[in-house]
Every structure is written in structure tokens, then in C-alpha cells.
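Below is one structure; the comments refer to it alone.
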Amino acid sequence: MGDAVGERLTREFFARSVHEVAPELIGVALLVDGVGGTIVEVETYDQDDPASHGFGGPTPRTASMFGPPGHAYVYRSYGIHWCLNLVCAAEGRAEAALVRALEPTHGLATMRSRRGLEAPRALCSGPGKLCQALGVTRVQDGLPLDEPPFELLARETEPTLAVGTRVGITRAVEKPWRYGLAGSPFLSRRF
DNA sequence: CAGTGGATGCTCT
DNA sequence: GAGCATCCACTGT
């Protein structure tokens with residue numbers, strides 16, 4: 001895995017339920033200004049989910065989560081890290097896939113310099129880590145995913161998925177809305 | 001390994 | 001003023 005060189009995903013790809021889109025994101029290449037890799041772990045959050053930022057309606061922070069699909073929703077986590085979501089469903093519906101881990105394939109040297117010297121498997125093995133490695137901040141919040149600096153390339157083979165419960169939340173803990181590439185050493189945690 | 005706690009900033013009550 | 005969709009360094013086996 002790790003060498004997906006398929007066609008570019010357009011924003012129409014995301015205009016469906018996040019629960020349908022998210023499993024299909026595993027194996028997709030995600031690049032920001034040419035730096036990134038293969039998505040190996042995502043989580044889904046929808047509007048009826050108490051763990052989701054979209055629960056209870058829009059706020060200034062979550063505006064892009066309620067915006068049109070195929071765009072980025074970037075937020076700050078624990079005051080330190082940034083986290084990247086890919087907005088799905090229809091405008092006004094607040095569904096998004098949190099990108100939790102990548103297998104680094106492009107721009108390794110850039111990622112290492114941004115993160116400090118690290119083993120490849122530690123560069124993007126977590127939502128905060130991968131945003132640091134790819135240079136994602138508030139600047140990318142609300143930007144379309146089918147235009148620079150973003151580039152998403154479709155996978156060419158269907159991966160074997162692992163499914164589990166989400167990480168780091170306190171509400172709706174039981175929902176099996178975490179998807180990963182089975183057996184990948186680049187996950188944030190084992191399933 | 002597993003477990004704990006500190007750093008840090010912003011949103012919402 | 002609390003509570004985070006986290007990460008890292010540190011402790012103790």
C-alpha cells in the first residue's frame with residue numbers, strides 16, 4: 001500500500017452520508033502542497049452524534065462543518081494541535097470525517113523538519129501529528145478539497161478495513177465509527 | 001509496556 | 001471557568 005496514484009477526487013465524492021464516504025477514504029492519497037500520504041485511519045461524526053462538534057447546531061467555530069461538502073473543517077484541539085476533517089453530506093447537514101492517520105509517502109523530509117526528527121511511522125500517526133506534518137492550520141479551514149493546496153487521489157485497489165470505536169471522546173463512546181487499514185503500522189492506535 | 005499529568009488556546013455556558 | 005475529536009515526557013513496573 002501507499003502508492004495510490006488514481007484520479008483526483010472531486011467535491012461531488014463527498015456529497016453523501018459520511019458513513020458511506022468514510023470507509024472509501026481508506027487508501028486515498030491526501031496531499032497538502034504536495035506533502036502527505038495514504039489515509040489509513042478516519043472517524044465519522046454526524047449531526048445527531050453527541051460527540052460531534054455539529055451536535056446542537058452551528059457555531060462560529062463549526063461554520064465550515066455546516067458548509068458545502070468537499071471542503072475542509074479545521075479546528076484547534078486541546079489548545080495545541082490542529083485537526084483536519086473532510087466535510088460530507090449536504091450543505092447544512094454537518095457531517096465530517098476526521099483524518100486520524102496517514103502512511104507518509106510524499107515530502108518525507110519536509111514532514112521530518114516540521115515534526116522534528118522522527119521515525120516514518122510517527123510522522124502522521126494521529127490527527128494532531130498529521131496536521132503538523134502537512135502544515136495544516138486554521139488557514140486551510142473551509143478550503144475546497146479539489147483545489148490547491150489540497151489534492152486527493154482515488155485509491156486503485158480496495159483495502160481490507162478494520163472497524164472500531166472512536167478515540168479520545170467522552171460521549172457516544174460505543175459507536176463503531178472508526179475505520180482503518182487493517183494491520184497498518186501507521187495507525188494512531190491498534191484496533 | 002501502562003499509567004499519569006502538564007502544556008496550551010479557544011469556544012461555549 | 002470548564003472542557004475538550006491530543007501529544008509528549010515522565011514515572012513505575
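This is a predicted model, so every value here is computed, not measured. Residue numbers begin at 1 in each chain, while the letters A, B, ... track the order of the sequences.
Using a 4.0 Å heavy-atom distance criterion, A:Arg178 is classed as making no nucleic acid contact.
Between the CZ atom of A:Arg190 and the P atom of B:dC1 there is a distance of 11 Å, rounded to whole Å. A straight line from NE2 of A:His53 to C1' of C:dG3 spans 11 Å, rounded to a whole angstrom. Atom P of nucleotide C:dC4 and atom OH of A:Tyr45 are separated by 12 Å, given to the nearest angstrom. What separates CZ of A:Phe55 from P of C:dG3 is a distance of 17 Å, to the nearest Å. For A:Tyr73 and B:dT11, the OH to P distance is 10 Å, given to the nearest whole Å. Between the C1' atom of B:dT11 and the CZ atom of A:Phe66 lies a distance of 14 Å, rounded to the nearest Å.
A:Glu41 CD to A:Ser125 OG: the interatomic distance, rounded to the nearest 0.5 Å, is 9.0 Å. A distance of 6.5 Å separates CG in A:Leu152 from CG in A:Leu86, rounded to the nearest 0.5 Å.
A salt bridge links A:Glu147 with A:Arg11: the distance from a Lys NZ or Arg NE/NH1/NH2 to an Asp or Glu carboxylate oxygen falls below 4.0 Å. Classification of A:Glu24 and A:Arg16 as a salt-bridged pair holds, one side-chain N sitting under 4.0 Å from a carboxylate O.
A:Tyr73 does not carry A:Arg61 over the face of its six-membered ring by the limits of under 6.0 Å from the centre and within 45° of the normal. Annotation: cation-pi geometry satisfied between A:Arg178 and A:Phe191 (NZ/CZ under 6.0 angstrom from ring centroid, within 45° of ring axis).
Relative to the side chain of A:Arg76, the nucleotides C:dC4, B:dG9, C:dA5 differ in distance, and B:dG9 lies closest.
Side chain to side chain, A:His19 and A:Thr44 meet the donor-acceptor criterion of an N or O pair below 3.5 Å.
The backbone N or O of A:Ala133 sits nowhere less than 3.5 Å from a side-chain atom of A:Arg115 that would complete a donor-acceptor pair. A side-chain donor-acceptor contact under 3.5 Å links A:His71 to the backbone of A:Gly142.
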Within the 4.0 Å limit for protein heavy atoms, which parts of nucleotides 6-13 of chain C are touched? Write it as a string from 5' to 3', B for base, S for sugar-phosphate only, - for none. BSS-----
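Remark on DNA chain B: of its neighbouring residues A:Thr62 and A:Gly79, the 5'-side contact belongs to A:Gly79, judged by nearest-heavy-atom nucleotide.
DNA chain B forms stems at B:1-7 with C:6-12, B:9-12 with C:1-4, each a run of 3 or more consecutive Watson-Crick or G-U wobble pairs whose two key distances fall under 3.5 Å.
Contact annotation: A:Arg138 reaches the phosphate of B:dT11 (side-chain N/O to OP1 or OP2, under 4.0 Å).
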